[in-house]
Amino acid sequence: MTEQPLIEFNHVSKIYKNGTVGLKDINLTIPQGEFLVVVGLSGAGKSTLLRTINRMHDITSGDILIEGQSIIHLQGKKLRQLRRSIGMIFQNFNLVKRSSVQRNVLSGRIGYYGTWRSILGLFSKEDKQKAAHALKRVGLAEKLYTRADQLSGGQQQRVAIARAFMQDPKIILADEPIASLDPLTTESVMNDLKKLNEEFNMTVIVNLHSVPLAQKYADRIIGLRAGELVYDQPIANVTDADLAAIYEQPKVVQLADRVVAS
Amino acid sequence: MNVIPKQRFVQKYHLKALGGLLLFILLIWWSARVTEVDFGLFFVNFDQFLALLQKMSHPDWQYLSLVIAPLVETIKMALIGTSIGTLLAIPFSVLAARNIINNDFARGLIRLILNLIRTLPDLMLAALFVAIVGIGSLAGVLTLAVFSFGMIAKLFYEAIETIDDGPLEALQAAGATKMQMIHFAVLPQVFNHFISYFLYTFEINVRASTVLGYLGAGGIGVYLQRSLSQFAYDQTAVIILGILAVVLVIDGISNTLRERLL
Ligand SMILES: Nc1ncnc2c1ncn2[C@@H]1O[C@H](COP(=O)(O)OP(=O)(O)OP(=O)(O)O)[C@@H](O)[C@H]1O
Ligand SMILES: [Mg+2]
């Protein structure tokens with residue numbers, strides 16, 4: 001018997017309410033500690049795939065297991081506990097711009113607090129220190145009391161990484177974390193994610209549009225097209241031609257789809 | 001060849017917008033007819049208006065010392081009424097906001113209640129409260145509280161609906177409860193709007209409470225009504241200038257606060 005994978009997709013499909021197919025019969029296993037990069041054209045279903053893992057999206061059929069437990073029916077407290085064990089990084093950073101950096105980072109911890117304690121601002125001393133430490137890790141120690149909207153995009157994304165770090169997550173989901181950043185900042189954000197993966201053995205799943213970055217950072221690359229898993233290889237086997245093929249417009253197929261649809 | 005998706009007939013000719021415009025014009029025409037608006041009358045009796053203005057142009061400054069106390073009472077009434085209304089409005093505005101409450105039915109019900117409350121004319125409310133609690137400023141406070149509640153709840157939920165939903169999503173993904181999401185992601189984004197809407201309503205209430213005085217609901221309105229019924233227009237002028245001063249001060253505070261906070 002092989003070791004139990006951390007995340008397991010069994011025949012997962014997702015159809016949006018308006019009939020759009022988000023995911024189509026996905027079978028996928030992700031081992032603990034992997035740095036997985038998801039590539040695919042816009043609309044291929046990358047964001048959808050990521051958001052099914054922390055149940056920000058519900059699936060239509062199939063099952064998703066994390067550490068052997070099905071997560072698709074979790075509710076209430078159990079669901080919140082699942083979510084706090086999974087950090088999420090967004091393309092638009094999603095910080096509360098009018099709040100301080102410290103408050104933003106601490107908010108990554110609120111899954112561990114009761115509603116009233118957190119609302120009264122009663123964060124423990126350890127957590128405040130942890131927040132300072134998390135910021136130091138991403139090179140923003142001196143920005144603790146700065147308002148988030150006074151930071152550059154790259155700095156905001158690194159604050160978001162610090163926020164995710166506060167969750168003590170097993171898994172980090174990053175949905176095009178560098179899409180709105182310049183090349184230099186891109187490098188440091190990707191390095192921050194890689195460090196979480198290497199130092200804390202966190203499983204990191206990143207959606208990327210950049211093939212060179214995928215090749216540089218990934219342990220394994222999977223490709224989606226129109227909601228289907230069309231590619232899945234460890235980095236050692238990945239060739240440029242493979243990746244080019246994922247990004248190729250399947251013209252004939254598309255045209256055929258249109259004819260059928262209309 | 002590109003296949004351009006077909007627009008529906010309604011979309012193609014902007015039927016919705018055109019229909020709306022037509023309806024609007026019809027409504028105006030119809031209201032003018034039904035209400036028998038006759039602008040000529042306004043000009044025929046214009047000299048009476050001028051005569052009144054002339055009488056008011058010599059304010060009786062001696063009267064000022066008598067007016068101060070009821071003016072302060074009016075401010076107090078407005079402040080307490082606005083505060084009570086606002087405190088009650090906050091939870092309702094959260095429940096009425098589309099991006100917080102997904103349940104269409106629950107939200108619709110809350111909005112229906114709010115619409116009902118806004119429909120009640122404040123003069124009717126004042127008459128009602130005077131009947132219940134007797135003549136005096138308590139009736140005024142209660143009227144203003146109900147009026148502020150309806151108005152503030154609407155302004156607040158519209159403000160909540162304009163926020164950036166990104167931070168809400170981020171906190172939900174971190175395992176936050178609804179209350180935590182509201183406190184950490186919604187409040188910081190709407191706080192300034194809340195302050196300025198509060199002051200705006202406060203200002204309206206100061207003016208509204210002058211009318212309430214007619215019904216015995218306390219404050220400066222009682223004096224205004226007396227001076228008018230005695231044709232003591234020199235006193236009326238003092239009262240109006242007093243109210244103007246108060247409104248200007250509130251407006252000044254409101255502007256300064258907004259500049260500081262934004
Ligand atoms: N809330 C939604 N309702 C309906 N359809 C949706 C919704 N979200 C996404 N879709 C559709 O599902 C498909 C997959 O979308 P998804 O956002 O997962 O793509 P993606 O690979 O992340 O694209 P991108 O690279 O542009 O971010 C698309 O066709 C999209 O239009
Ligand atoms: Mg996406």
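Keep in mind it's a predicted model, so treat the numbers as computed, not measured. A, B, ... follow the sequence lines: proteins, then strands. Residue 1 opens every chain.
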Crowding at [atom1], [X] (>12 non-hydrogen neighbours, <6.0 Å):
X      : atom1 : answer
A:Y16  : OH    : yes
B:K178 : NZ    : yes
B:Y200 : OH    : no
A:K195 : NZ    : yes
A:F9   : CZ    : yes

B:Q180 and A:T115: side-chain donor and acceptor closer than 3.5 Å?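 Side-chain D/A pair, B:Q180 to A:T115: absent.
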
Side-chain contact test, heavy atoms from C-beta onward, threshold under 4.5 Å: evaluate it for B:Q172 versus A:R55 and give yes or no.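 Side chain of B:Q172 against side chain of A:R55, heavy atoms only: no contact under 4.5 Å found.
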
Please find the pair of heavy atoms, one from [X] and one from [Y], that lie closest to each other, and give the distance.
X      : Y      : answer
B:P167 : A:L95  : CG-O, 3.3 Å
A:S118 : B:F184 : O-CZ, 3.4 Å
A:R98  : B:Q189 : CD-CA, 4.0 Å
A:R163 : B:A170 : NH2-CB, 3.4 Å
A:I119 : B:H183 : O-CE1, 3.3 Å

Among A:M88, A:M166, A:R51, A:Q81, which residue has the highest count of heavy-atom pairs closer than 4.5 Å to chain B?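 Heavy-atom pairs under 4.5 Å are most numerous for A:R51.
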
In terms of heavy-atom pairs under 4.5 Å, which option from B:T177, B:D164, B:I182 contacts chain A the most?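 Ranked by contacts with chain A, first place is B:T177.
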
With a 4.5 angstrom heavy-atom cut-off, which part of [X] approaches chain B: side chain, backbone, both or neither?
X     : value
A:I86 : backbone
A:K97 : side chain
A:N54 : side chain

